[in-house]
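First comes the structure, then the notes that go with it.
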Amino acid sequence: MIERTLAILKPDCVRKNLTGEVIARIEKAGFKILGMKKIKLTKETAGGFYAVHKGKPFYEGLVEFMSSAPCVPIALEKDNAIADYRTLIGATDPKDAAPGTIRKLFADNKGENIVHGSDSPENGKIEIGYFFSEKELIELG
Ligand code: IDP
Ligand code: MG
């Protein structure tokens with residue numbers, strides 16, 4: 001089934017000059033880019049996006065990190081996008097991530113782990129809507 005997922009190239013990815021490298025891996029894996037932008041999140045926007053994690057011990061640090069530098073949200077589309085993208089990025093903690101995955105290759109730790117990915121088709125749509133309006137999502141002709 002064709003699905004959509006929201007990728008975010010996190011502030012550590014931008015700081016390390018890895019955005020091109022990571023986008024190349026995403027494209028080589030067959031994902032189509034529907035929308036892409038570079039923005040610096042406010043604490044409010046970062047906190048709202050990660051509201052599901054509010055109250056967890058890492059929440060405040062996560063909000064701080066995500067608003068510390070620009071990031072690059074990317075709306076992606078592909079058959080089986082949710083599972084295939086999570087396979088491409090690897091486990092949350094790079095220590096547990098499979099060899100060759102984006103997080104294994106580039107992430108320093110569980111918090112600063114280079115990329116975000118949606119966890120279900122429903123959340124993929126909701127999360128894309130958090131960053132993109134309908135007219136910013138351009139289907140391939
Ligand atoms: P995911 O990004 O692989 O879906 P989630 O459990 O949804 O992982 O957590 C969201 C983000 O919160 C992670 O990508 C990571 O940046 C941060 N995070 C999650 N668990 C921890 C932790 O135990 N320590 C520090 N940061 C964490
Ligand atoms: Mg998650």
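Please read all numbers here as calculations on a predicted model, not as lab measurements.
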Kindly give the heavy-atom pair with the smallest separation between [X] and [Y], and that separation in Å.
X	Y	result
Pro11	Ser68	CB-OG, 3.8 Å
Gly124	Ser118	CA-OG, 3.4 Å
Ala98	Thr101	O-OG1, 2.7 Å

Checklist entry - What do you reckon, is NZ of Lys43 surrounded by more than 12 foreign heavy atoms closer than 6.0 Å? => result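 Open: at most 12 neighbouring heavy atoms sit under 6.0 Å from NZ of Lys43.
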Next on the checklist: More than 12 heavy atoms of other residues, nucleotides or ligands under 6.0 Å from NZ of Lys104: yes or no?
Outcome noted: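 Counting other residues, nucleotides and ligands, NZ of Lys104 exceeds 12 neighbours.
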With a 4.5 Å cut-off on side-chain heavy-atom distances among I, L, V, M, F, W and Y, is there a chain of contacts connecting [X] to [Y]?
X	Y	answer
Leu18	Met36	yes
Leu9	Val63	no
Met66	Val72	no
Ile89	Val14	yes
Ile33	Phe131	no

Is the backbone of [Y] close enough, under 3.5 Å, to the side chain of [X] for a donor and an acceptor to pair up by distance?
X	Y	answer
Lys40	Ser67	yes
Tyr85	His116	yes
Arg4	Ala75	no
Tyr130	Thr45	yes

Item to check | Lys16 and Asp108: CA distance, side-chain angles, deciding distance, side-chain contact (heavy atoms from CB on, under 4.5 Å) verdict | outcome: CA-CA 11 Å; Lys16 290 174 160 179; Asp108 288 338; 3.1 Å; yes
To the nearest 0.5 Å, what is the distance between [atom1] ([X]) and [atom2] ([Y])?
X	Y	atom1	atom2	result
Phe58	Glu64	CZ	CD	15.5 Å
Asp93	Asn113	CG	CG	8.5 Å
Thr5	Ile128	OG1	CD1	6.5 Å
Glu60	Lys54	CD	NZ	8.0 Å
Leu34	Lys78	CG	NZ	13.5 Å
Ile114	Leu105	CD1	CG	10.0 Å

Item to check | Lys NZ or Arg CZ of Lys37 over Phe132 ring: under 6.0 Å, within 45° | outcome: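 Yes, a cation-pi geometry.
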Checklist entry - side-chain hydrogen bond (donor to acceptor under 3.5 Å, both in side chains) with Glu27: which residues, sequence neighbours excluded? => result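 In terms of side-chain hydrogen bond (donor to acceptor under 3.5 Å, both in side chains), with neighbours along the sequence ignored, Glu27 is linked to no residue.
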Checklist entry - Do Lys125 and Glu3 meet the salt-bridge criterion of a basic N to acidic O distance under 4.0 Å? => result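 Result for this pair is no, no salt bridge flagged.
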Checklist entry - Got a salt bridge between Asp12 and Lys10, using NZ or NE/NH1/NH2 to carboxylate O under 4.0 Å? => result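 Judged by the 4.0 Å cut-off on N to carboxylate O distance, Asp12 and Lys10 do not form a salt bridge.
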Hey, does [Y] have a side-chain heavy atom less than 4.5 Å from the side chain of [X]?
X	Y	result
Arg103	Thr92	yes
Glu112	Asn109	yes
Met1	Pro121	no

Item to check | side chain to side chain contact (heavy atoms under 4.5 Å, CB included) partner of Phe49, the single match among Leu41, Leu62, Leu6 | outcome: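 Checked Leu41, Leu62, Leu6 against Phe49; only one passes side chain to side chain contact (heavy atoms under 4.5 Å, CB included): Leu6.
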Checklist entry - Does the side-chain contact (heavy atoms from CB on, under 4.5 Å) test come out yes or no for Leu88 and Phe31, once each step is laid out? => result CA-CA 11 Å; Leu88 178 69; Phe31 292 86; 4.1 Å; yes
